[in-house]
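In what follows, residues are counted from 1 in the order of the sequence shown. We use all heavy atoms of the structure for the numbers below, so side chains are in, but hydrogens, waters and symmetry mates are not.
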Amino acid sequence: MGQTRDERHTDLFGRYAADGDWVDRTVFGRVPHTDRRGFLRGAGLAVMATLVGAAIPFHRNMPAGFIPEAIAADPLGIEGKDGLTVLGRRPLNAETPAHLLDDPVTPTARHFIRNNGIAPVEMDPTTWRLRIDGLVHRPMTLSIEDLRERFEVVTRRLTIECGGNGRAFFSPRVGGNQWTLGAVACSEWTGVRLADVLKAAGVKDNVVYTAHVGADTHVSGQKGKLPLSRGVPIEKAMDPGNLIAFGMNGGPLHPMNGAPLRLVIPGWSGSCSQKWLTRIWLRDVVHDGPKMTGSSYRVPEHPVEPGEKVPERSMAIIGSMPVKSLITTPRTGLSVMGRDLAVAGHAWAGDNEVARVDVSIDFGASWQKAALARPANRHAWRRWWAMLEFPRKGYYEVWARATDDTGTSQPFAIAWNPKGYLNNSMHRISVRVS
Ligand SMILES: Nc1nc2c(c(=O)[nH]1)N[C@H]1C(S)=C(S)[C@@H](COP(=O)(O)O)O[C@H]1N2
Ligand SMILES: [Mo]
């Protein structure tokens with residue numbers, strides 16, 4: 001078992017993602033079922049030396065479980081990803097700093113990673129199978145080749161935002177990954193429409209919900225236990241904007257973004273977009289898989305006091321994500337000479353359309369309308385930009401506020417909720433003018 005993994009995962013982080021226990025055992029000689037770690041040894045020492053780029057003369061002095069600075073200082077260390085900030089390694093979660101999200105189409109290297117479990121080891125597109133079953137007239141098992149041949153292949157720019165993006169700004173603090181701004185991306189996805197596949201399978205009249213299954217495994221290592229299995233109401237599933245995707249930005253999907261096959265359900269919480277997709281089954285009840293029940297991806301039906309305990313029965317499942325924007329140029333903390341500054345970013349609005357974006361340099365006392373590019377297609381984020389003029393030297397903040405086509409704007413302050421979802425409060429950056 002260790003042998004094949006050895007060959008496949010050439011770096012420590014790839015191995016950690018695939019099998020952290022194996023790494024602990026091999027690199028640090030951890031004593032199973034205890035927290036005690038042994039010493040760097042044999043194969044582990046060789047791996048470590050490769051990673052730091054040289055032999056380690058004093059390796060005997062390294063404390064047990066020790067991660068060398070050269071590795072610790074590496075932001076992610078995963079091939080094909082660049083500039084991401086790591087929030088957790090097991091499961092692996094990493095977000096993108098706002099100023100690195102400036103491209104209209106998010107490069108694969110900059111697409112955030114949100115894993116609830118451990119990515120599968122096997123991601124071979126030639127042997128991958130997708131099962132469509134449950135309440136359908138014609139259950140199907142499809143290869144990626146079948147999908148390409150039997151259905152129209154389309155390419156669309158689709159925004160994916162994690163329901164917990166912005167959680168770090170809640171007060172009082174709530175548990176979970178402390179996402180700041182960067183659990184959002186708009187890559188160009190290629191695949192077939194989920195609706196076309198479901199129509200081919202023949203959705204029965206009594207279907208109310210989809211249920212999505214992926215090939216990732218639970219962090220506990222328990223066999224058959226899914227880390228996450230979410231679904232959407234059948235009406236949302238039949239929206240032609242949803243894709244079963246096998247292509248990302250003109251290439252294959254990145255292993256951490258669900259290779260070789262995933263759902264992209266734009267407009268709704270990223271959790272609906274199952275990665276490493278192996279099965280979609282149709283149900284006559286609201287799906288009750290892991291992360292569908294309890295307080296997961298649910299918010300209070302009525303506003304609550306910050307810190308309040310909210311009973312589960314007063315929590316509703318999150319649907320469309322709220323209107324939001326980012327300032328991606330310039331990065332925060334900039335010092336500028338001269339009085340003019342170009343600012344730009346993106347805006348998106350779940351299943352709604354972005355209607356306008358405004359910017360302020362005087363803490364919201366007055367607003368200036370930003371220019372807004374057309375979206376490439378529905379559910380793509382829209383580029384906005386503005387030219388600012390500062391009246392005199394000093395400290396400024398640039399605030400951006402998007403408004404959707406229902407007239408709803410981003411709030412200044414956040415409506416607190418127990419799990420820290422849907423934080424769409426305005427993004428602001430600081431600028432010093434000299
Ligand atoms: N199989 C599987 N699919 C998954 C997840 C997961 O943990 N396992 N995480 C979901 C969540 S919560 C989000 S926000 C998106 C993130 O997609 P990304 O990691 O490609 O950015 O994937 C979703 N799909
Ligand atoms: Mo998420």
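Residue S229 is tested with K291, Q274, H287 for a side-chain hydrogen bond (donor to acceptor under 3.5 Å, both in side chains); the sole match is H287. Screening I234, L198, V136 for a side-chain contact (heavy atoms from CB on, under 4.5 Å) involving V207 leaves a single residue, I234. Each of V154, L253, T155 was scored for a side-chain contact (heavy atoms from CB on, under 4.5 Å) with T190, with one residue passing: T155.
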### Message
If you apply the rule ring-ring contact (aromatic ring centres under 6.0 Å, His included), what do you find for H379 with W189, and how did you get there?
### Response
CA-CA 12 Å; H379 290 126; W189 299 95; over 10 Å; no
### Message
One pair to check against side chain to side chain donor-acceptor pair (under 3.5 Å): D358 and W399. What are the steps and the verdict?
### Response
CA-CA 8 Å; D358 298 274; W399 294 4; over 6 Å; no
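Residues I327 and W384 have side chains in contact (heavy-atom distance under 4.5 Å, counting atoms from C-beta outward). Contact check for V285 versus Y209: no side-chain heavy atoms found under the 4.5 Å cut-off. With contacts defined as side-chain heavy-atom distances shorter than 4.5 Å, the pair R156/R378 qualifies. Side-chain atoms of P300 and P418, non-hydrogen and from C-beta on, do get closer than 4.5 Å to each other. Contact check for M321 versus S269: side-chain heavy atoms found under the 4.5 Å cut-off. Side-chain contact check for P322 versus T408: every heavy-atom pair is 4.5 Å or farther apart.
Counting only N and O atoms by type, the side chains of H346 and D102 include no donor and acceptor under 3.5 Å apart. A donor-acceptor contact closer than 3.5 angstrom links the side chains of S187 and N249. No donor-acceptor contact under 3.5 angstrom links the side chains of H302 and S314, judged on distance only.
Separation of atoms CZ (F112) and CH2 (W179) is listed at 6.5 Å; rounding is to 0.5 Å. Distance check: T329 OG1 to I429 CD1 gives 8.5 Å after rounding to the nearest 0.5 Å. I113 CD1 to H254 NE2: the interatomic distance, rounded to the nearest 0.5 Å, is 6.0 Å.
Smallest separation of non-hydrogen atoms from A386 and V359: CB-CG2, 3.9 Å. The shortest non-hydrogen separation linking V286 to V208 is N-CG2, 4.0 Å. When every heavy atom of D196 is checked against every heavy atom of F151, the shortest pair comes out as O-CE2, 3.5 Å.
Residues D284 and K204 are not paired through a salt bridge, judged by the lack of any N-O separation under 4.0 Å between the basic side chain and the carboxylate.
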